[in-house]
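Single-structure report; data block below.
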Amino acid sequence: EPEVTQTPSHQVTQMGQEVILRCVPISNHLYFYWYRQILGQKVEFLVSFYNNEISEKSEIFDDQFSVERPDGSNFTLKIRSTKLEDSAMYFCATGGFAYNEQFFGPGTRLTVL
Amino acid sequence: KQEVTQIPAALSVPEGENLVLNCSFTDSAIYNLQWFRQDPGKGLTSLLLIQSSQREQTSGRLNASLDKSSGRSTLYIAASQPGDSATYLCAVGGGTSGSRLTFGEGTQLTVNP
């Protein structure tokens with residue numbers, strides 16, 4: 001069964017460093033999303049991406065965040081200058097046209113020191 | 001702004017019991033509703049998707065209902081098993097296809113053998 005994959009599974013970085021989180025969506029899906037979950041808190045929406053552009057973003061998704069599909073298959077989330085409060089589990093999700101059910105990857109645990 | 005609430009926050013039952021998890025949301029203009037399962041430190045597994053025009057969906061021992069006008073959904077688990085122990089998340093999709101999911105805080109279920 002097709003699934004969403006994410007790399008790395010765990011990333012440790014120093015405050016102020018740039019990180020890139022990668023996702024391989026389910027093929028033929030057209031909607032892509034990033035969510036995050038701070039330990040012990042709700043899953044929060046960051047951004048959605050459709051037709052090679054951002055379709056929706058939350059107030060969390062400020063100028064330090066960016067997304068792109070660099071090669072037509074991978075979907076990446078870049079955090080330019082990480083902060084301590086960026087420490088969280090970051091989930092990629094993808095959705096197709098069939099009722100837009102969203103399928104989540106296993107997540108990348110980001111730890112900012 | 002959509003708000004999603006799940007009750008109870010935690011539930012502990014003996015094996016074999018039937019149980020109901022509750023989800024409520026404040027804005028009835030939804031596209032769909034998904035129930036997910038999350039195991040500790042893991043990603044989200046989609047259990048059931050209900051379209052806004054549907055009243056319920058079933059998969060095996062799981063049955064989810066939706067009353068959009070009152071802003072409520074329930075997840076019914078029949079004949080619970082220890083392997084059902086996990087956190088169950090309710091997520092509401094925005095008013096159009098491709099919209100973000102807004103999550104509740106989840107119900108942590110423990111099924112005791």
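In what follows, chains carry the letters A, B, and so on, assigned in the order in which the sequence lines appear, proteins first and then strands, with residues in each chain numbered from 1.
For chain B, the nearby part of A:Glu56 is the side chain; its heavy atoms alone come within less than 4.5 Å. No part of B:Thr102 comes within reach of chain A, as not one of its non-hydrogen atoms sits under 4.5 angstrom from that chain. Heavy atoms closer than 4.5 Å to chain B are found nowhere in A:Glu44, neither backbone nor side chain. Both the backbone and the side chain of A:Ser58 come within contact range of chain B, with heavy atoms under 4.5 Å apart.
Checked against the 6.0 Å centroid criterion, the rings of A:Phe75 and A:Phe49 qualify as a close aromatic pair. The aromatic ring centres of A:Phe104 and A:Tyr35 sit less than 6.0 Å apart.
Criterion: ILVMFWY side-chain heavy atoms under 4.5 Å apart, direct or through other members. Under it, B:Phe25 and A:Val43 are not part of a common hydrophobic cluster.
Between the B:Glu15 side chain and the B:Gln81 main chain, no donor and acceptor come within less than 3.5 Å of each other.
For the options A:Ser48, A:Pro106, A:Gly107, heavy-atom pairs under 4.5 Å to chain B are most numerous at A:Pro106. Counting heavy-atom pairs closer than 4.5 Å to chain A, the top-ranked of the candidates B:Gly104, B:Gly94, B:Gly93, B:Ala91 is B:Gly104. Here B:Gly98 is the residue among B:Gly43, B:Gly98, B:Ser46 with the most heavy-atom pairs under 4.5 Å with chain A. Between chain A and the residues B:Lys42, B:Glu105, B:Arg100, the most heavy-atom pairs under 4.5 angstrom are made by B:Arg100.
In this structure, A:Cys23 and A:Pro25 approach most closely via the heavy-atom pair O-CD, 3.6 Å.
The residues A:Arg69 and A:Asp71 are annotated as not salt-bridged, no charged nitrogen and carboxylate oxygen being separated by less than 4.0 angstrom.
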